[in-house]
Protein chains: 2
Amino acid sequence: MASETVENYLKGIYAIEKHLDGKGVSTNAIAEHLQTKASSVSDMLKKLKQSGLVDYKKYHGASLTAEGRSKAIEIIRRHRLWEVFLVDKLNFKWDEVHDMAEQLEHVEGKALSDRLDAFLDFPRFDPHGDPIPDAEGRIRDDRQKQALSTLATKDRGVVVGVLDSSAPFLKYLDHLKLKLGTSLLVEEVIDFDKSVKIIVGKQSHSVSHQFAKNLLIQKEA
Amino acid sequence: MASETVENYLKGIYAIEKHLDGKGVSTNAIAEHLQTKASSVSDMLKKLKQSGLVDYKKYHGASLTAEGRSKAIEIIRRHRLWEVFLVDKLNFKWDEVHDMAEQLEHVEGKALSDRLDAFLDFPRFDPHGDPIPDAEGRIRDDRQKQALSTLATKDRGVVVGVLDSSAPFLKYLDHLKLKLGTSLLVEEVIDFDKSVKIIVGKQSHSVSHQFAKNLLIQKEA
DNA sequence: ATATATTTTTAGACTAATCTAATTATTAGT
DNA sequence: ACTAATAATTAGATTAGTCTAAAAATATAT
């Protein structure tokens, strides 16, 4: 009976943990991620510890327990499956699905996500290129992905994901005719501001370093 | 921004209103329907009136305003569409979908229900035979349905709906090989206890009056 | 190592929705 | 019309989650 709020905390802590290695997630980081106040987070961490979902020592941050992590992964699984459904079956665009998936992910029922998974033919990635955990919570993602900003002049690669899935960024990608699977060539990396000239199809575009940091590429040999 | 709770109140009041004609729905009736206490209902009715969703005079019951009714119908639309999805696409059985639909119905987004509707090919009835309101909230159900309990000996008809969609009742129907569209013949109505002998396919069954009151039939000429 | 800055926690209040118990209105029976 | 029964409302408490402001702990800088 995890409440929606609890689920959002678990998901948030999981997301922050991924970027850190090992150590506890700070109260402030959680507060910022969830757009709430540190005091609320402190309160909630006490409860989550009580429920055995996080390890938590006052003033020393929190980390998910095995149970907490498993719940977080199930929510991420649901979120990404629903996104696939919304895009592939209901024909929404990839910049339109986040808010709906954010609600759908809280609908309970293990059978529901498993059957949805089967109905969608066990997709491995969601519309933004993020890997979808399988029914046992395993996340298998063996792609060698790296930010466009880490490529060098003349490197060639394929778009495999984004680090920013906000609507503005995704719409800009659409504008540049960039989607998952699109090939591109790095024509030039400008030393001055680290902006990148890329060639997509027959078009050449100059994109900012900020942009390049958020686009994930699988480099071609 | 109607909360889930508010949506459930509107749906509940709508359901009760249908059985009554015209007059206000009583506090107690709502409390019973929503499995809550009359005092909670009193509180909530004040708020719903405040929001313009119900007309309400203390001690004299409540009724939906046009806006409240429209919201209620949208929720019923979502509920029934999701039920179709769960049964037709995810292969759940008709006795398994209620709780999931109960959660899914609260997911917001007019585009969501409309696209789901299209994806399902604009179904007119849900898996229990209840009509699905269209995108404009119109409920078109021109079937001449009546409870099995109102049929007479030798009457013939087709199952078109249920008044009780609880899992036990639906499972019993499965057991009797009765589903939407199944033809049956009333072999005999027992005067003593109003139980009904029906013939389904080659099988003859005796069902209680209680049962017969909950099965909706379209009589054949 | 100590003062300062930062982070985190606590204390106390607020909101939405609920409950129980007590009170007040309405309805029904004679 | 008056009393008894029923139904509905209010009063006051409770819970989950949040907030602000104040206090306490930890981290940083010289």
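The sequence lines fix the lettering, A, B, ..., with proteins before strands; numbering per chain opens at 1.
For the pair B:Lys58 and D:dT10, the criterion of a side-chain N or O lying under 4.0 Å from OP1 or OP2 is met. For A:Lys46 and C:dT9, the shortest distance from a side-chain N or O to OP1 or OP2 is not below 4.0 Å. Applying the 4.0 Å criterion to OP1 and OP2 of C:dT6, one finds that A:Asn28 has every side-chain N and O outside that range. For the OP1/OP2 pair of D:dT18 and a distance below 4.0 Å, the side-chain nitrogens and oxygens of A:Tyr9 include at least one atom meeting the criterion. One finds a side-chain N or O of B:Tyr56 lying less than 4.0 angstrom from the OP1 or OP2 phosphate oxygen of D:dT9. Listed pair A:Thr36 / D:dG17 fails the phosphate criterion, with no side-chain N or O lying under 4.0 Å from OP1 or OP2.
Each of A:Lys47 and B:Asp43 lies near DNA chain D, and the nucleotide nearest B:Asp43 is the one positioned closer to the 5' end. Each of A:Met44 and A:His60 was matched to the nucleotide of DNA chain D holding its nearest heavy atom; the match closer to the 5' end belongs to A:Met44.
Side chain of B:Ser42, nearest nucleotide from D:dT10, C:dT8, D:dT20: D:dT10. Residue A:Ala38 places its side chain closer to C:dT9 than to any other of D:dA8, D:dT10, C:dT9. Side-chain proximity of B:Thr5 to the nucleotides D:dT18, D:dT26, C:dT18 is greatest for C:dT18.
Atoms NZ and CG, from A:Lys37 and A:Asn28 in turn, are 10.5 Å apart once rounded to the nearest 0.5 Å.
Judged by distance alone, the side chains of B:His79 and B:Asp126 never bring a donor and an acceptor atom under 3.5 Å apart.
With salt bridges taken as basic N to acidic carboxylate O contacts below 4.0 Å, one links B:Glu17 and B:Arg69. Remark: B:Asp141 engages B:Arg143 in a salt bridge, criterion side-chain N to carboxylate O under 4.0 Å. Ionic pairing of A:Glu7 and A:Lys11 is not present here: no N-O contact between side-chain nitrogen and carboxylate oxygen is shorter than 4.0 angstrom.
Whole-Å rounding puts the A:Lys57 NZ to D:dT26 P distance at 12 Å. Between the CD atom of A:Gln50 and the C1' atom of D:dA16 there is a distance of 15 Å, rounded to whole Å. Spacing between atom CD of A:Glu32 and atom C1' of C:dT7 amounts to 14 Å, rounded to whole angstrom units. In this structure, B:Glu4 places its CD atom 11 Å from P of C:dT18, rounding to the nearest Å. The separation between B:Tyr59 atom OH and D:dA7 atom C1' is 9 Å, rounded to whole Å. For A:Leu48 and D:dA16, the CG to P distance is 13 Å, given to the nearest whole Å. Nucleotide D:dC19 holds its P atom 11 Å from the CG atom of A:Leu34, rounded to whole Å. As a whole-Å value, the separation of A:Leu45 CG from C:dT7 C1' is 13 Å.
Within the nucleic acid shown, B:Ser39 comes within 4.0 Å of at least one base atom, counting heavy atoms only. Residue B:Thr27 is classed as a sugar-phosphate contact, given heavy-atom separations below 4.0 Å to backbone atoms only. As judged by a 4.0 angstrom heavy-atom cut-off over every strand, A:Ser40 is placed among the base-contacting residues.
Between B:Phe85 and A:Trp82, the ring planes lie tilted relative to each other; the angle falls in the 30° to 60° range.
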